[in-house]
Enquirer: 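My questions will all concern the structure given below.
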Protein chains: 4
Amino acid sequence: MAAQRKRRPAAALPGVPAAEREKAILAAAVRVLARKGYHGCRMSDVAREAGVAYGLVYHYFGNKDALLQTVFRAGWGQFMAGIRAAADPDRPLPEGLVALVCVVLEAWRREPEAVRVLILEIARGAGGRSYRQRLFEEIVGVLRGMFERARARGELRAAVEPKLAAVLLFGALETALTACVLGSLSPRSQPELERAASGVAETFLHGVCAVR
Amino acid sequence: MAAQRKRRPAAALPGVPAAEREKAILAAAVRVLARKGYHGCRMSDVAREAGVAYGLVYHYFGNKDALLQTVFRAGWGQFMAGIRAAADPDRPLPEGLVALVCVVLEAWRREPEAVRVLILEIARGAGGRSYRQRLFEEIVGVLRGMFERARARGELRAAVEPKLAAVLLFGALETALTACVLGSLSPRSQPELERAASGVAETFLHGVCAVR
Amino acid sequence: MAAQRKRRPAAALPGVPAAEREKAILAAAVRVLARKGYHGCRMSDVAREAGVAYGLVYHYFGNKDALLQTVFRAGWGQFMAGIRAAADPDRPLPEGLVALVCVVLEAWRREPEAVRVLILEIARGAGGRSYRQRLFEEIVGVLRGMFERARARGELRAAVEPKLAAVLLFGALETALTACVLGSLSPRSQPELERAASGVAETFLHGVCAVR
Amino acid sequence: MAAQRKRRPAAALPGVPAAEREKAILAAAVRVLARKGYHGCRMSDVAREAGVAYGLVYHYFGNKDALLQTVFRAGWGQFMAGIRAAADPDRPLPEGLVALVCVVLEAWRREPEAVRVLILEIARGAGGRSYRQRLFEEIVGVLRGMFERARARGELRAAVEPKLAAVLLFGALETALTACVLGSLSPRSQPELERAASGVAETFLHGVCAVR
DNA sequence: GATGAATGAGCGTTCATTCAT
DNA sequence: TATGAATGAACGCTCATTCAT
């Protein structure tokens with residue numbers, strides 16, 4: 001009755017396996033996010049990067065925040081799984097520490113873009129303070145558990161408080177990653193990576209001080 | 001008889017010392033930035049917070065980027081001065097380390113908003129990769145210098161590479177601050193602060209490991 | 001072994017009598033229209049309400065305009081048939097008037113949603129001026145015919161112009177309905193309805209004035 | 001720091017008396033509304049019609065709804081003032097009725113676009129059911145007061161309920177306007193208008209029926 | 001017939017920036 | 001200097017419409 005919007009052409013491109021699209025969009029979002037940051041990441045960019053129509057992104061993800069949350073949760077879940085596995089409290093502390101650093105650096109080696117997004121963008125830009133806080137506490141909690149068990153086994157110096165150690169380890173890990181992201185550190189090969197990891201772990205275990 | 005156009009020429013408010021305005025705007029920018037984050041900080045917010053006309057912000061700072069650059073440089077300069085003083089390479093390492101951590105936590109105690117801006121907003125969200133990188137390298141450079149001198153004096157374990165130690169210390173400092181910002185740590189009094197600082201320094205110096 | 005593409009060919013649901021679908025969609029459109037108004041009525045809403053696939057609505061009705069036209073025409077046709085029957089010019093005016101008002105209020109009693117759509121949405125919001133005008137003229141024409149015959153039989157005061165009477169009667173009927181829709185009037189039972197109807201007819205026949 | 005939006009030119013056209021702009025926008029909104037209806041009225045249309053930049057409409061009115069609310073409230077306030085004055089309960093009913101109809105038709109004569117907006121668009125399209133209802137009740141309340149006083153003075157037939165009379169009068173007035181809007185009635189001159197008004201009032205006072 | 005993924009123009013809203021006064 | 005009205009590009013989101021299956 002009232003004049004509708006002008007009819008516009010439309011077409012569903014055939015060849016694509018349908019549900020692959022969702023993944024393609026997610027991957028595109030990761031790339032754009034890595035390239036332009038949270039606030040610079042426009043929905044149109046994601047669509048273009050995914051080779052997909054604007055509206056399709058909304059079809060799958062509802063809105064920008066939901067999309068980026070999804071990007072983030074997927075990455076974070078995987079990341080945390082690795083962390084938890086490495087921070088197995090029943091393993092001797094030195095071994096656990098090396099494993100932990102390796103997991104983190106490995107993640108960087110395999111998917112630098114995704115890690116960059118995790119570290120530099122979403123964990124900070126999105127979701128507000130409370131979200132960031134939850135994540136911080138989640139990972140610190142895992143690390144703290146590891147230190148508490150280690151202390152119970154007498155592997156920790158008495159003066160070291162588990163909570164503080166966890167916070168500092170978090171800092172060390174994050175900064176190692178930041179150094180990767182910023183280019184100061186870039187373990188391209190497996191041996192390089194292991195050397196870097198054991199350096200970090202060593203320093204963390206025994207401190208920097210020569211004097212006992 | 002005809003309606004006159006009402007135009008208040010809006011002369012400069014008498015009571016205001018002219019150049020104080022600039023500082024007021026800068027301070028307002030810090031507060032807004034702390035409250036709403038980099039991207040949530042609108043020029044109009046800053047103007048309102050400063051109790052100043054919209055256009056005046058542009059008078060003094062040209063544009064949003066320049067304003068925030070200025071906010072940042074001011075804070076960062078002060079911060080770095082403190083860091084440099086504490087990281088005096090000729091001081092014994094343990095002492096220097098404690099001083100360093102104290103400077104950082106003190107900054108937090110005195111101006112939590114400004115530090116929050118430095119840590120969570122500008123250093124990360126804004127300025128693009130290259131800017132962040134420059135800052136990271138600046139501070140890591142200072143720390144590295146400290147470690148190199150310490151090593152020359154034999155205060156460092158041989159296995160510890162100064163560059164890596166610097167990166168990790170940066171991480172520890174940053175994370176200590178992050179913990180403050182996120183509320184996990186909040187040294188309200190001087191003694192509390194010193195206890196936290198020496199805990200960080202201790203751990204960093206001697207590691208977490210009980211085994212020699 | 002390779003993941004098969006999952007594609008349910010989605011054959012026509014067995015239980016559904018094929019052309020019933022069309023009616024289901026129409027009925028759904030009425031409900032959605034009543035609930036959300038013309039502009040709030042999305043094609044997807046209609047499809048969901050009808051329990052039918054998105055595209056099917058287009059299969060049957062081509063586009064939104066056509067769908068709503070159809071909804072409207074169906075309702076309007078039925079409504080006008082009732083009006084015409086009641087406004088039988090050969091019936092004595094008072095009787096005709098009461099019948100007319102009854103038809104209108106009855107319609108409301110039986111299908112308040114459909115009437116709400118007719119009165120508040122389509123007749124006003126949609127279709128542009130010309131459409132509304134056609135409808136107005138159609139119904140006024142019928143009423144005018146009734147008054148002209150009544151006048152020919154000497155049932156009308158000489159001073160009353162048939163056209164004006166028709167317009168005013170239209171207004172009275174419409175407003176009675178509007179009062180129903182808005183809740184000021186709500187004849188839930190048959191006796192209530194008849195009392196309301198005869199009140200309207202009475203007032204219209206004899207005016208409000210005590211003085212002759 | 002982060003790249004700001006590209007700088008775009010801007011200019012405040014000088015010659016215009018500043019606060020006149022607001023009125024110009026309001027007037028433009030009335031025209032666009034009259035032309036295209038509530039939902040067809042785009043903010044860009046209003047801006048263009050007012051000869052004003054897009055953003056300025058938001059500067060003055062905040063958002064579309066607020067703009068149209070303002071348009072509406074202004075018109076409605078004026079309209080209701082006229083209604084209240086005419087429906088003075090202390091005036092003899094016939095006189096009051098004629099005055100009432102005259103006010104309504106006069107409003108139409110002077111500002112057909114504004115009235116069209118009042119009657120056909122805003123009172124229906126905007127604000128949802130509850131808003132419409134409030135307006136309906138406001139005007140019916142005024143009319144009802146008039147009828148109740150008239151009844152107290154014995155000017156009303158005993159059988160006529162004031163509330164119902166008010167509703168029907170509302171209908172008569174509205175439909176008279178609708179007839180104007182739709183072109184069935186168009187009192188261009190003062191005498192024409194008075195004739196139409198007294199016709200409506202007469203019919204309402206004495207009914208259509210010849211039989212006593 | 002039936003399905004729903006895909007398309008993209010359009011609209012409301014924001015906000016950095018300019019400039020007449 | 002100081003003011004704040006004026007500008008308009010940009011972006012998130014909606015939804016009518018199409019079409020491969």
Side-chain angles (χ1 to χ4, degrees), chain A residues 4-16 18-19 21-22 39 41-45 47 52-60 62-65, chain B residues 5 7-13 16 18-19 21 39 41-45 47 52-60 62-65 67, chain C residues 5 7-13 16 18-19 21 39 41-45 47 52-60 62-65 67, chain D residues 4-16 18-19 21-22 39 41-45 47 52-60 62-65:
Chain A
Q4 296 301 314
R5 302 198 197 153
K6 312 293 174 294
R7 350 229 96 121
R8 274 154 287 95
L13 34 153
V16 190
R21 303 290 257 234
E22 197 167 332
H39 283 95
C41 167
R42 280 116 78 221
M43 293 301 263
S44 59
D45 290 332
V52 137
Y54 199 133
L56 199 59
V57 181
Y58 285 88
H59 187 66
Y60 283 122
N63 62 21
K64 181 175 174 176
D65 245 48
Chain B
R5 298 188 193 171
R7 277 276 172 212
R8 289 156 292 107
L13 292 220
V16 189
R21 300 280 186 123
H39 283 96
C41 167
R42 282 120 71 213
M43 293 299 265
S44 60
D45 290 331
V52 138
Y54 205 135
L56 203 56
V57 181
Y58 282 88
H59 241 310
Y60 285 124
N63 63 17
K64 183 175 174 178
D65 249 40
L67 169 62
Chain C
R5 300 190 190 171
R7 277 275 171 213
R8 290 157 293 107
L13 292 219
V16 189
R21 299 280 187 124
H39 283 96
C41 167
R42 282 119 71 212
M43 293 301 264
S44 60
D45 291 332
V52 139
Y54 206 135
L56 203 57
V57 180
Y58 283 88
H59 241 309
Y60 284 124
N63 63 17
K64 184 174 174 179
D65 249 41
L67 169 62
Chain D
Q4 296 301 314
R5 301 198 197 154
K6 311 293 173 295
R7 351 229 94 126
R8 274 154 287 94
L13 33 154
V16 188
R21 303 289 257 235
E22 196 167 331
H39 283 96
C41 168
R42 280 115 78 223
M43 292 302 264
S44 59
D45 290 333
V52 137
Y54 202 135
L56 199 59
V57 181
Y58 285 88
H59 186 67
Y60 283 122
N63 63 19
K64 181 174 174 177
D65 245 48

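A note on names: the letters A, B, ... follow the listed sequences, proteins ahead of strands, and every chain is numbered from 1.
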Enquirer: Using the C1' atoms of five pairs at each end, what's the angle between the two axes of the helix from E/dA2-F/dT21 to E/dT21-F/dA2, to 10 degrees?
Expert: 10°
Enquirer: Rounded to the nearest angstrom, tell me the gap between atom NE2 in A/His39 and atom C1' in E/dT14.
Expert: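 It works out to 13 Å between those atoms.
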Enquirer: Starting at CG of A/Asp45 and ending at C1' of F/dA10, how long is that distance when rounded to a whole Å?
Expert: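 In whole Å, F/dA10 C1' lies 12 Å from A/Asp45 CG.
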Enquirer: Quick one: on DNA chain F, does B/Val52 or D/Tyr54 contact a more 5' nucleotide (nearest heavy atom)?
Expert: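 This one resolves to B/Val52.
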Enquirer: Using atom CG of A/Asp65 as one end and atom C1' of F/dC11 as the other, report the distance to the nearest whole Å.
Expert: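 In whole Å, F/dC11 C1' lies 14 Å from A/Asp65 CG.
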Enquirer: In Å and rounded to the nearest 0.5 Å, what is the NE2 to CZ distance from D/His59 to D/Arg21?
Expert: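 CZ of D/Arg21 is found 10.5 Å from NE2 of D/His59.
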Enquirer: Which heavy atom of B/Met43 sits nearest a heavy atom of B/Asn63, and at what distance?
Expert: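 Shortest heavy-atom contact: CE-C, 3.9 Å.
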Enquirer: Within the structure, does a side-chain N or O atom of C/Arg42 lie under 4.0 Å from either OP1 or OP2 of F/dC13?
Expert: no
Enquirer: Using only modelled atom types and a 3.5 angstrom limit, is any donor from either the side chain of B/Tyr58 or the base of F/dG4 paired with an acceptor on the other?
Expert: no
Enquirer: What is the distance, to the nearest angstrom, from the CG atom on C/Asn63 to the C1' atom on F/dT17?
Expert: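 One finds 9 Å between C1' of F/dT17 and CG of C/Asn63, rounded.
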Enquirer: Of the candidate nucleotides E/dG12, F/dT7, E/dA16, which contains the atom at the shortest distance from the side chain of D/Arg21?
Expert: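 Of E/dG12, F/dT7, E/dA16, F/dT7 is nearest to the side chain of D/Arg21.
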Enquirer: May I have the distance from B/Lys64 (atom NZ) to F/dA9 (atom P), rounded to whole angstrom?
Expert: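 From B/Lys64 NZ to F/dA9 P: 20 Å.
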Enquirer: Can you name the closest pair of heavy atoms from D/Lys64 and D/His39 and give their distance?
Expert: NZ-O, 4.1 Å
Enquirer: How far apart are the closest heavy atoms of D/Tyr54 and D/Ser44, and which atoms are they?
Expert: CE1-CB, 4.0 Å
Enquirer: What is the distance from OH of B/Tyr60 to C1' of F/dA2, rounded to the nearest Å?
Expert: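 So the two atoms are 8 Å apart, to the nearest Å.
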Enquirer: Find the distance A/Met43:CE to E/dC11:C1' and express it as a whole number of Å.
Expert: 17 Å
Enquirer: Quick check on DNA chain E: between D/Gly62 and A/Ala53, whose nearest nucleotide comes earlier from the 5' end?
Expert: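 Here A/Ala53 is the residue nearer the 5' end.
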Enquirer: Nearest heavy atom decides the nucleotide; on that basis, is B/His59 or C/Cys41 closer to the 5' end of DNA chain F?
Expert: B/His59
